[in-house]
*Asks:* 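After the structure tokens below, expect a handful of questions from me.
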Amino acid sequence: MAAADAMGARGFWLRTRAMLIKEFIQLKRDRLSFGMIIMIPLMQLVLFGYAINTTPRDLPTAVLLQETSDVGRSILAALQNTKYFKITHRARDEAEFDRLLASGTVLFAIEVPANFERALRRGDRPAVLVAADATDPVAAGSALSALGTIVTTALRNDHAIPDTAAPPFEVRTHARYNPAGATALNIVPGLVGTILTMTMLIFTALSVTREIERGTMEALLAMPITPVEIMLGKIVPYVIVGFVQAGLIISVGALLFGVPIFGSLALLALLSTLFITTNLSIGYTFSTIAQNQLQAMQMSMMFFLPNILLSGFMFPFAGMPAWAQWIGEALPLTHFIRIVRAIMLKGSTFGDLRYDAVALTALMLIAMAIAVTRFRRTLD
Amino acid sequence: MGALRWSENVTAPDIAIEVEGLSKSFDGREVVHDLSMQVRRGTIYGFLGPNGSGKTTTIRMLCGLLTPDTGRGTCLGYDIITETDRIKRRVGYMTQRFSLYQDLSVRENLEFVARLYDVPDPVGAARAMVERLGLHGREEQLAGSLSGGWKQRLALGACTLPNPQLLLLDEPTAGVDPKARREFWNEIHAMAGEGLTVLVSTHYMDEAERCHEIAYIAYGHLLVHGTVQEVIAQSHLTTYVVGGEGLGDLAARLEQTRGVDMVAPFGTSLHVSGRDAAALERAIAPYRNDRRFTWQQSEPSLEDVFIDLMSRARDNFQDAA
């Protein structure tokens with residue numbers, strides 16, 4: 001019996017070893033997969049390790065000075081010195097002040113009212129208005145909480161105001177669009193984009209490689225159909241699928257989490273369709289580059305991760321270093337998250353979202369152009 | 001426009017395929033070498049050769065799926081390099097591997113092809129093809145679940161649906177049972193009778209004999225072409241059919257004898273062939289009077305000719321490569 005067991009164990013090991021050797025050989029043959037085993041962890045570690053910062057600095061800020069005074073300037077200088085704020089725009093009037101916030105150009109807008117200095121000297125405790133875009137509570141939160149004390153201390157050090165116990169003026173903060181700082185209001189619109197990115201990429205990423213692997217591509221190429229026709233034929237059905245998905249997520253978000261939709265539903269539908277088509281085009285591009293379905297999946301995952309981490313979905317976009325923001329600008333999800341948060345929570349209009357709509361269109365056209373040129377019309 | 005003119009002037013209207021000096025290499029390995037051929041309209045042209053001889057590559061060059069490295073030619077009067085779009089609209093190509101959608105039904109596959117080629121009334125055309133193929137009652141069956149013979153019929157139906165002028169069939173009957181093969185060939189002959197040109201590659205000798213003309217290709221070289229009789233006559237092969245007992249021993253001894261180029265057992269007989277008739281006579285002389293054997297000179301079979309061609313081609317081209 002002992003001998004038989006030994007034989008059995010030996011056989012088990014031999015067969016396992018045979019399988020193992022075969023798997024290693026196949027892994028080695030698939031160059032792209034092999035490269036990704038090394039590249040994915042390295043790239044992503046370096047990329048995200050440096051890029052992600054949950055206490056963002058230099059947040060874009062607009063100021064509206066209703067009077068020109070030394071105190072006003074001191075307040076602004078103090079704000080800049082906190083490093084939380086970076087004054088990027090000077091609004092001329094209330095309308096521009098509101099528009100800069102609505103379009104997402106700035107995350108904060110600070111208004112020093114008229115007769116501020118005089119009121120200060122009279123001891124009337126005038127108010128500086130700080131309006132924050134709270135659609136992303138993480139980005140706005142730390143800056144807002146630090147605001148009051150930091151400004152007061154800074155002004156005292158400047159000897160701009162008397163060194164009294166109570167601050168001589170009030171910083172009146174106003175968390176716009178999400179006054180309660182509810183996470184669901186931020187997360188649900190972001191999830192619309194994230195879920196769509198994941199599902200849309202996979203749908204088309206497999207489409208061309210599947211035809212090649214199943215042997216149907218050869219017959220298709222011998223028929224009178226052009227690469228553009230193949231691409232559009234493969235993308236359009238999933239636009240409808242994506243549209244249904246988006247509707248589902250938004251409806252559930254509204255029903256279960258009470259996420260409001262302040263803006264135009266038609267505009268949301270239009271820009272969602274654009275975003276869906278952009279992701280489908282990118283997935284399709286992967287499909288024309290990958291040699292098999294596994295590679296297409298890997299490419300999609302490699303694209304998906306930065307979309308999640310660098311788009312402003314999980315971490316504040318404004319808190320990332322400039323180079324990471326540039327990468328973020330090249331990702332469709334970044335633009336869509338701005339669009340969907342702006343329409344749902346701020347009620348923004350197309351005018352406010354022009355830039356992001358144009359960026360999405362450009363990304364879509366670039367992906368389609370690459371796909372059509374990459375698509376091999378022959379088997380050469 | 002120069003290239004276009006060339007095609008239209010040179011090609012006679014009764015020529016379906018005319019190519020000159022086609023070569024194609026993959027990764028530095030030449031798969032097709034300086035291939036020239038001509039196929040008249042309305043003929044069934046058999047394309048024979050061993051595996052890896054360049055048959056599929058040649059067919060792919062004819063329908064625009066591959067670009068030849070050198071050479072030129074026309075298919076249905078259109079240039080095979082610059083006018084592939086026009087060729088694709090008029091040619092039906094049946095790939096070696098089943099290439100319809102396995103997860104679509106018979107009807108859906110046919111309707112897809114009909115729509116791609118802009119056939120008027122695609123639904124009606126697909127229904128008519130189902131009837132013609134004898135697939136009535138199986139329209140809604142998924143193509144992937146059909147048996148080998150039915151798959152092949154469906155594939156033929158799909159590539160004839162848009163009414164092509166030329167059919168390119170790449171080993172259409174591989175793995176198909178004899179009855180289905182016969183029906184398939186009857187179908188092809190019927191279509192050729194209606195004026196369709198058919199280029200078909202095959203391994204089967206009996207199928208070669210059903211073709212109007214054949215060409216034999218090995219190691220990328222087109223070695224011989226013509227009717228079956230012409231090809232056999234061109235071989236200059238002398239063949240004896242030996243019957244009797246103990247043929248195994250005889251075969252082993254003859255294979256070592258100078259003057260005998262080929263020994264092949266056929267059931268209870270042995271085919272002994274040589275390129276030089278006189279040398280063959282000398283080689284077999286010692287065994288001619290052996291009581292155990294009966295010797296009879298006969299015409300070489302097509303298979304004898306092809307196996308001989310292959311061994312000669314191996315000597316000529318493979319060593320050089």
Side-chain angles (χ1 to χ4, degrees), chain A residues 25 28-32 34 199 202-241 283-284 287-294 296-297 371-380, chain B residues 24-27 31 56-69 75 78 80-81 83-104 109 112-119 143-144 151 154-156 158-159 161-162 164 166-170:
Chain A
I25 295 171
K28 202 176 70 186
R29 289 283 139 76
D30 191 352
R31 290 269 174 78
L32 193 69
F34 200 66
T199 50
I202 302 287
F203 280 141
T204 41
L206 300 180
S207 63
V208 174
T209 41
R210 187 168 50 217
E211 297 243 12
I212 291 171
E213 282 186 20
R214 293 194 186 169
T216 50
M217 186 50 89
E218 188 181 354
L220 197 59
L221 288 177
M223 293 195 226
I225 186 165
T226 64
V228 175
E229 290 160 352
I230 294 177
M231 179 177 73
L232 292 179
K234 281 184 173 291
I235 287 180
V236 171
Y238 294 113
V239 174
I240 299 162
V241 172
Y284 186 79
S287 196
T288 58
I289 295 168
Q291 272 145 25
N292 53 50
Q293 299 196 36
L294 177 68
M297 288 290 289
V372 170
T373 35
R374 280 286 315 182
F375 189 88
R376 282 150 290 181
R377 295 203 67 184
T378 63
L379 302 168
D380 284 289
Chain B
K24 182 76 188 173
S25 300
F26 294 108
D27 302 323
V31 177
T56 300
T57 304
T58 307
I59 290 176
R60 285 174 174 172
M61 285 194 280
L62 291 176
C63 63
L65 280 182
L66 286 174
T67 318
D69 296 337
C75 197
Y78 298 108
I80 60 165
I81 293 157
E83 293 177 297
T84 53
D85 287 339
R86 291 178 181 207
I87 293 173
K88 284 176 183 175
R89 249 175 276 146
R90 292 164 179 83
V91 170
Y93 171 42
M94 184 171 156
T95 54
Q96 200 167 338
R97 182 176 163 194
F98 183 69
S99 59
L100 293 177
Y101 293 92
Q102 314 240 11
D103 48 353
L104 291 190
N109 266 303
F112 170 69
V113 173
R115 290 193 181 102
L116 256 190
Y117 284 87
D118 198 16
V119 172
K151 272 186 186 167
L154 176 61
L156 178 70
C159 62
L161 182 65
L166 169 67
L167 273 188
L168 300 173
L169 311 175
D170 194 2

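Excluded from the calculations below are hydrogen atoms, water molecules and symmetry mates; all remaining heavy atoms, backbone and side chain alike, are included.
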*Asks:* What part of A:Arg377 lies closer than 4.5 angstrom to a heavy atom of chain B: side chain, backbone, both or neither?
*Replies:* both
*Asks:* Please classify the contact between A:Glu211 and chain B as side chain, backbone, both or neither, with a heavy-atom cut-off of under 4.5 Å.
*Replies:*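 Side chain of A:Glu211 only, per the 4.5 Å heavy-atom cut-off to chain B.
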*Asks:* Which residues satisfy the side-chain hydrogen bond (donor to acceptor under 3.5 Å, both in side chains) test with B:Thr95, sequence neighbours excluded?
*Replies:*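 By the side-chain hydrogen bond (donor to acceptor under 3.5 Å, both in side chains) rule, B:Thr95 matches B:Ser99.
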*Asks:* Please check: side-chain N/O of B:Thr84 versus main-chain N/O of B:Ile81, any donor-acceptor pairing under 3.5 Å?
*Replies:*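 Checked: no pair found.
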*Asks:* Does any backbone or side-chain atom of B:Arg89 lie under 4.5 Å from a heavy atom of chain A? Answer side chain, backbone, both or neither.
*Replies:* both
*Asks:* Can you check whether B:Thr67's main-chain N or O pairs, donor with acceptor, with B:Lys24's side chain at less than 3.5 Å?
*Replies:* yes
*Asks:* Under 4.5 Å, counting heavy-atom pairs only, tell me which of A:Ile225, A:Thr226, A:Leu221 racks up the most with chain B.
*Replies:*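 Heavy-atom pair counts peak at A:Leu221.
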*Asks:* If the plane angle is over 60° it's perpendicular, under 30° parallel, otherwise tilted; pick one for B:Phe112 and B:Tyr101.
*Replies:*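 Aromatic pair B:Phe112/B:Tyr101 classed perpendicular.
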*Asks:* Identify which part of B:Asp103 has an atom lying under 4.5 Å from any heavy atom of chain A, answering side chain, backbone, both or neither.
*Replies:* side chain
*Asks:* Quick check on B:Ile87 against chain A: is it the side chain, the backbone, both or neither that has a heavy atom closer than 4.5 Å?
*Replies:* neither
*Asks:* I'd like to know whether CD of A:Glu213 has more than 12 heavy-atom contacts from other residues, nucleotides or ligands below 6.0 angstrom.
*Replies:*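 Result for CD/A:Glu213: enclosed.
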